[in-house]
J.: 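I have a structure I would like to understand better, so I am pasting it below and will then ask my questions one at a time.
Sequence positions, counted from 1, serve as the residue numbers for this chain.
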Amino acid sequence: MKIGELARQTACQVETIRYYEREGLLPEPSRSAGNYRLYDATHVERLTFIRHCRALDMTLGEIRTLLMHRDHPERDCAEVNALIDEHIGHVETRLAQLASLRQALVDLRARCRGDGETGACGILRELAQPADEENTDTPPTTAVEHIGGTHAH
């Protein structure tokens, strides 16, 4: 099948498929006489696996490790378990950060009644103040920081 069909079958964008190929997650497809990429069922299966991992917010490095273990089924799965345990830890950290962020937003929202002019808005006044950095023993969770994926950058 051509790349468009692979994209359709896996609900994956063509550019993403090419990216996974460049990153070495998908094996090089064969080529037609017209130099079109030709994919088969193994590509569909592997791309489905990768997409499932990405849906679980796994990094490309984590996916590489899982694919390596998948490609060598004789290996001990202890590293797979350790990888998932570590990923669970990342998710738990992010959940705590998101709970803190939610509370900061709730507190911010409480600073304004919602009626009146924006010149008197408590939310806008509070946002003009320097960020509170009193809690330095945990990862940044102030309302002015964006919390990304489950992994530290």
J.: Below 4.5 Å, heavy atoms only, C-beta onward: do Ile3 and His43 meet side chain to side chain?
T.: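 Heavy-atom side-chain distance check fails, nothing below 4.5 Å.
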
J.: Which residues pass the side-chain contact (heavy atoms from CB on, under 4.5 Å) test with Glu45, sequence neighbours left out?
T.: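 Partners of Glu45 under the side-chain contact (heavy atoms from CB on, under 4.5 Å) test: Arg70.
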
J.: Does one hydrophobic cluster hold both Ile63 and Ile88, with members joined at side-chain heavy-atom distances below 4.5 Å?
T.: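 They do share one cluster, since a chain of ILVMFWY contacts under 4.5 Å joins Ile63 to Ile88.
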
J.: Out of curiosity, does Tyr36 fall in the hydrophobic cluster containing Val44 (side-chain heavy atoms, cut-off under 4.5 Å, transitive links)?
T.: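 As far as the 4.5 Å side-chain criterion goes, Tyr36 and Val44 are not connected within one cluster.
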
J.: What distance separates Leu6 CG from Leu38 CG, expressed to the nearest 0.5 Å?
T.: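 So the gap between those two atoms works out to 11.5 Å.
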
J.: Mind checking the CZ-CG spacing from Arg64 to Asp71? Nearest 0.5 Å is all I need.
T.: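 Output value for this atom pair is 13.0 Å.
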
J.: Side chains of Tyr39 and Ile17: closer than 4.5 Å at any heavy-atom pair?
T.: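 Side-chain contact under 4.5 Å: yes.
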
J.: Can we say Lys2 and Glu5 salt-bridge, meaning some charged N sits less than 4.0 Å from an Asp/Glu carboxylate O?
T.: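 Glu5 and Lys2: not salt-bridged.
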
J.: Give a yes or no on whether the backbone of Gly89 and the side-chain of Thr93 come within a donor-acceptor separation of less than 3.5 Å.
T.: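 Yes, Thr93 side chain to Gly89 backbone: donor-acceptor pair under 3.5 Å.
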
J.: Does the side chain of Asp57 come within less than 4.5 Å of His90's, by heavy atoms?
T.: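 Result no, sub-4.5 Å side-chain heavy-atom pair not found.
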
J.: Heavy atoms, side chains only, cut-off 4.5 Å: are Arg111 and Arg125 in contact?
T.: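 The answer is no; the side chains never approach within 4.5 Å.
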
J.: Step through the shown structure and confirm whether more than 12 heavy atoms of other residues, nucleotides or ligands are within 6.0 Å of CZ on Arg113.
T.: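 No, because the 6.0 Å sphere around CZ of Arg113 holds 12 heavy atoms or fewer from other groups.
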
J.: Could you tell me whether Arg18 atom CZ has more than 12 heavy atoms of other residues or ligands within 6.0 Å of it?
T.: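 Yes.
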
J.: Under 4.5 Å between any side-chain heavy atoms of Glu86 and Glu62, yes or no?
T.: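 The answer is no, as the side chains (C-beta and beyond) never meet within the 4.5 Å cut-off.
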
J.: Find out whether Leu127 and Leu108 are in side-chain contact, i.e. whether some heavy atom of one side chain is under 4.5 Å from a heavy atom of the other.
T.: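 They are in contact (side-chain heavy atoms under 4.5 Å apart), so the answer is yes.
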
J.: Does the pair Arg46 and Asp40 meet the rule for a salt bridge (charged side-chain N to carboxylate O under 4.0 Å, His left out), with working shown?
T.: CA-CA 10 Å; Arg46 193 167 181 98; Asp40 58 31; over 6 Å; no

J.: Looking at SG of Cys77 and CG of Leu66, how far apart are the two atoms once the value is rounded to the nearest 0.5 Å?
T.: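 Separation between the atoms: 11.5 Å.
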
J.: Would you call Arg37-Glu21 a salt bridge at under 4.0 Å N-O?
T.: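 So Arg37 pairs with Glu21 through a salt bridge.
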
J.: Output the distance between atom CG (Leu56) and atom CZ (Arg51), rounded to the nearest 0.5 Å.
T.: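 With rounding to 0.5 Å, CG (Leu56) is 12.0 Å from CZ (Arg51).
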
J.: Roughly how far, to the nearest 0.5 Å, is OG1 of Thr65 from CG of Leu83?
T.: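 These two atoms lie 6.0 Å from each other.
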
J.: Just wondering, are more than 12 heavy atoms of other shown residues or ligands nearer than 6.0 Å to CD in Glu117?
T.: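 Not buried by this count: 12 neighbours or fewer within 6.0 Å.
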
J.: Report yes if the side chains of Leu60 and Tyr20 come closer than 4.5 Å at any heavy-atom pair, otherwise no.
T.: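 Side-chain contact under 4.5 Å: yes.
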
J.: Nearest 0.5 Å, please: how far is CZ in Phe49 from OG1 in Thr10?
T.: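 Reported value, rounded in 0.5 Å steps: 15.0 Å.
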
J.: Of the non-hydrogen atoms in Cys121 and Cys112, which two are nearest, and what is the gap between them?
T.: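 For Cys121 versus Cys112, the nearest heavy atoms are SG-SG, 3.6 Å.
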
J.: If hydrophobic clusters are built by linking Ile, Leu, Val, Met, Phe, Trp and Tyr wherever their side-chain heavy atoms come under 4.5 Å apart, do Met68 and Val80 end up in the same one?
T.: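 No, separate clusters.
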
J.: Output, in order, the C-alpha distance, side-chain angles, deciding distance and verdict of side chain to side chain contact (heavy atoms under 4.5 Å, CB included) for Val106 and Arg109.
T.: CA-CA 5 Å; Val106 167; Arg109 177 59 183 93; 5.7 Å; no

